[in-house]
A.B. asks: 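Below you will find the structure I want to go over with you.
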Amino acid sequence: MAQAIFLALNPNMMMIYVSLISLTGVIFSSVFGYISSHSGSKRAAENESKRLKQAHETRLSQENKFEKDKTLRVALQDLTRGFYNDTFRSETINSYFNTEEGKSMFADVMSKITAYGSEDSVHSVIYLQKAIAGSLLLRNKQQLIIELAGNDIPFKVDWVRYEINALTAIMIAQLRYDISQEIINPKELLSVKFNNLNQNFKVFFEAGIDEFLKLNKLTHFTENGAKHNENDSIF
């Protein structure tokens, strides 16, 4: 009350008082505006930084996938060439994969698959390496497999090449799957290669693929046409 009377008796002080109140409001308004503006700018900067980081990570992911797919395509091309160079002709003593050229090619293919291939591809190429080395992974099943063809096999079976052909067909299909998620039945690759018009002869070659598909648990092939009897395995 006393302050009001004092201000009423002193107009100049009243003006000063009003000015101070107004100035204080301006100052508070300016400070609040600055804080709001700074906070908004900070959020905008953080959002832009996040966007740039995500864009960078996306670009790196795309570049890595491109490099991975490019490398696997080279491995796929080399492996396909080796697949069609490996035959069952009696005049061919060794598998193409056991020639100097084939060994060099496969070493390069294996390094690429080990570095860039999926877990399924790595497991499969390891079994292919064992087959090339003559491990005879199907040794306990050979008699049953040969009986599937009856008298339709016009040559002595080279089991090393038999296993190599089956596993290479699987590897080609698996690499296609790694690159593009495309499902190719590995049995069809052998059918095309050997032109298996004789049903027994066809079953003879496909039996090995069945066993190796089960061994490697490649269910994406068995669920898409490469069916087999789950109870009929040597592993």
Side-chain angles (χ1 to χ4, degrees), residues 72-73 75-88 95-97 106 109-110 112-114 116-149 152-153 157-235:
L72 290 180
R73 283 190 177 93
L76 175 60
Q77 290 171 347
D78 288 342
L79 204 56
T80 302
R81 175 168 53 85
F83 178 65
Y84 284 104
N85 278 336
D86 210 26
T87 71
F88 274 87
S95 163
Y96 167 78
F97 288 88
F106 182 72
V109 165
M110 190 162 186
K112 288 180 171 65
I113 293 174
T114 302
Y116 292 99
S118 66
E119 183 178 355
D120 286 335
S121 286
V122 173
H123 286 166
S124 296
V125 81
I126 289 173
Y127 280 108
L128 176 54
Q129 183 186 40
K130 291 180 178 180
I132 293 171
S135 296
L136 295 179
L137 301 167
L138 300 179
R139 66 170 61 86
N140 296 329
K141 200 79 169 185
Q142 291 176 3
Q143 187 58 39
L144 291 177
I145 291 175
I146 197 69
E147 288 175 358
L148 291 173
D152 295 316
I153 303 298
V157 178
D158 183 334
W159 290 103
V160 171
R161 276 187 282 184
Y162 177 88
E163 293 187 3
I164 288 173
N165 272 271
L167 283 164
T168 306
I170 290 173
M171 275 305 316
I172 291 171
Q174 181 59 43
L175 286 176
R176 293 286 291 266
Y177 186 76
D178 280 3
I179 295 168
S180 64
Q181 297 294 295
E182 178 184 8
I183 297 289
I184 295 178
N185 190 335
K187 292 181 178 182
E188 296 302 321
L189 294 175
L190 279 181
S191 293
V192 171
K193 176 177 178 178
F194 295 114
N195 192 24
N196 296 333
L197 299 178
N198 182 294
Q199 184 60 29
N200 288 341
F201 200 61
K202 185 173 183 289
V203 171
F204 166 74
F205 282 110
E206 291 180 351
I209 287 183
D210 281 339
E211 294 299 335
F212 287 124
L213 288 177
K214 286 181 284 186
L215 174 62
N216 287 297
K217 297 180 175 63
L218 300 178
T219 57
H220 46 279
F221 293 123
T222 60
E223 292 170 355
N224 288 276
K227 298 292 185 182
H228 57 273
N229 183 349
E230 292 290 346
N231 297 320
D232 186 28
S233 175
I234 65 172
F235 299 104

A.B. asks: Mind listing the closest non-hydrogen atom pair of Ala131 and Leu167 along with its distance?
C.D. replies: CB-CD1, 3.7 Å
A.B. asks: Donor-acceptor pair, distance only, cut-off 3.5 Å: does the side chain of Tyr96 make one with the backbone of Arg81?
C.D. replies: no
A.B. asks: Looking at CG of Leu144 and CG of Leu138, how far apart are the two atoms once the value is rounded to the nearest 0.5 Å?
C.D. replies: 11.0 Å
A.B. asks: Taking Asn165's backbone N and O only, do any of them form a donor-acceptor pair with Lys193's side chain (distance below 3.5 Å, no angle check)?
C.D. replies: no
A.B. asks: Between Val157 and Gln142, is any pair of side-chain heavy atoms under 4.5 Å apart?
C.D. replies: no
A.B. asks: Compare every heavy atom of Phe204 with every heavy atom of Ile146, then report the nearest pair and how far apart it is.
C.D. replies: CD1-CE1, 3.8 Å
A.B. asks: Working to the nearest 0.5 angstrom, can you tell me the gap between Phe83 CZ and Leu76 CG?
C.D. replies: 11.5 Å
A.B. asks: Any side-chain heavy-atom pair from Ile113 and Met171 closer than 4.5 angstrom?
C.D. replies: yes
A.B. asks: Looking at every non-hydrogen atom in both residues, tell me the closest pair between Val122 and Gly117 and how far apart they are.
C.D. replies: CG2-O, 4.1 Å
A.B. asks: Judged by atom type as modelled, is there a donor-acceptor pair below 3.5 Å linking the side chain of Asp178 to the main-chain atoms of Ser118?
C.D. replies: yes
A.B. asks: Are there over 12 heavy-atom neighbours, none belonging to Gln181, within less than 6.0 Å of that residue's CD?
C.D. replies: yes
A.B. asks: Can you measure from NZ (Lys141) to CD (Glu147) and round to the nearest 0.5 angstrom?
C.D. replies: 11.0 Å
A.B. asks: Please work out whether the ring planes of Tyr177 and His220 are parallel, tilted or perpendicular, with thresholds of 30° and 60°.
C.D. replies: parallel
A.B. asks: Does Leu137 offer a backbone N or O that forms a donor-acceptor pair with the side chain of Ser135 under 3.5 Å?
C.D. replies: no
A.B. asks: Looking at every heavy atom in both Ala166 and Leu190, which two are closest together, and how far apart are they?
C.D. replies: CA-CD1, 4.4 Å
A.B. asks: Looking at every non-hydrogen atom in both residues, tell me the closest pair between Ser95 and Ile164 and how far apart they are.
C.D. replies: OG-CD1, 3.4 Å
A.B. asks: Strictly below 4.0 Å, N to O, side chains only: are Lys217 and Asp120 in salt-bridge contact?
C.D. replies: no
A.B. asks: Does the side-chain contact (heavy atoms from CB on, under 4.5 Å) test come out yes or no for Asn185 and Phe221, once each step is laid out?
C.D. replies: CA-CA 6 Å; Asn185 190 335; Phe221 293 123; over 6 Å; no
A.B. asks: Assess whether side-chain contact (heavy atoms from CB on, under 4.5 Å) is satisfied between Leu79 and Phe97, documenting all intermediate values.
C.D. replies: CA-CA 10 Å; Leu79 204 56; Phe97 288 88; 4.1 Å; yes
A.B. asks: If you define the side chain from C-beta out and look only at heavy atoms, does anything of Lys187 sit under 4.5 Å from Asp210?
C.D. replies: yes
A.B. asks: Taking the side chain as every heavy atom from C-beta outward, state whether Glu206 and Ser191 have any atom pair closer than 4.5 Å.
C.D. replies: yes
A.B. asks: Are the side chain of Tyr127 and the backbone N or O of Asn216 linked by a donor-acceptor pair below 3.5 Å?
C.D. replies: no
A.B. asks: Is there a side-chain contact between Ser121 and Leu175 (heavy atoms, below 4.5 Å)?
C.D. replies: yes
A.B. asks: Check whether any side-chain heavy atom of Glu163 lies under 4.5 Å from a side-chain heavy atom of Phe212, and answer yes or no.
C.D. replies: yes
A.B. asks: Rounded to the nearest 0.5 Å, what separates atom CD in Gln174 from atom CD1 in Ile183?
C.D. replies: 8.5 Å
A.B. asks: About how many Å separate CZ of Arg73 and CD of Gln77, when rounded to the nearest 0.5 Å?
C.D. replies: 9.0 Å
A.B. asks: For the atom pair OG1 (Thr168) and CZ (Arg161), what is the distance rounded to the nearest 0.5 Å?
C.D. replies: 12.5 Å
A.B. asks: Less than 4.5 Å apart, side chain to side chain, heavy atoms only: is that true for Leu189 and Ile209?
C.D. replies: no
A.B. asks: Please evaluate residues Ile126 and Met110 with respect to the criterion side-chain contact (heavy atoms from CB on, under 4.5 Å), reporting the C-alpha separation (whole Å), side-chain torsions for both, the decisive distance (0.1 Å), and the verdict.
C.D. replies: CA-CA 8 Å; Ile126 289 173; Met110 190 162 186; 4.1 Å; yes
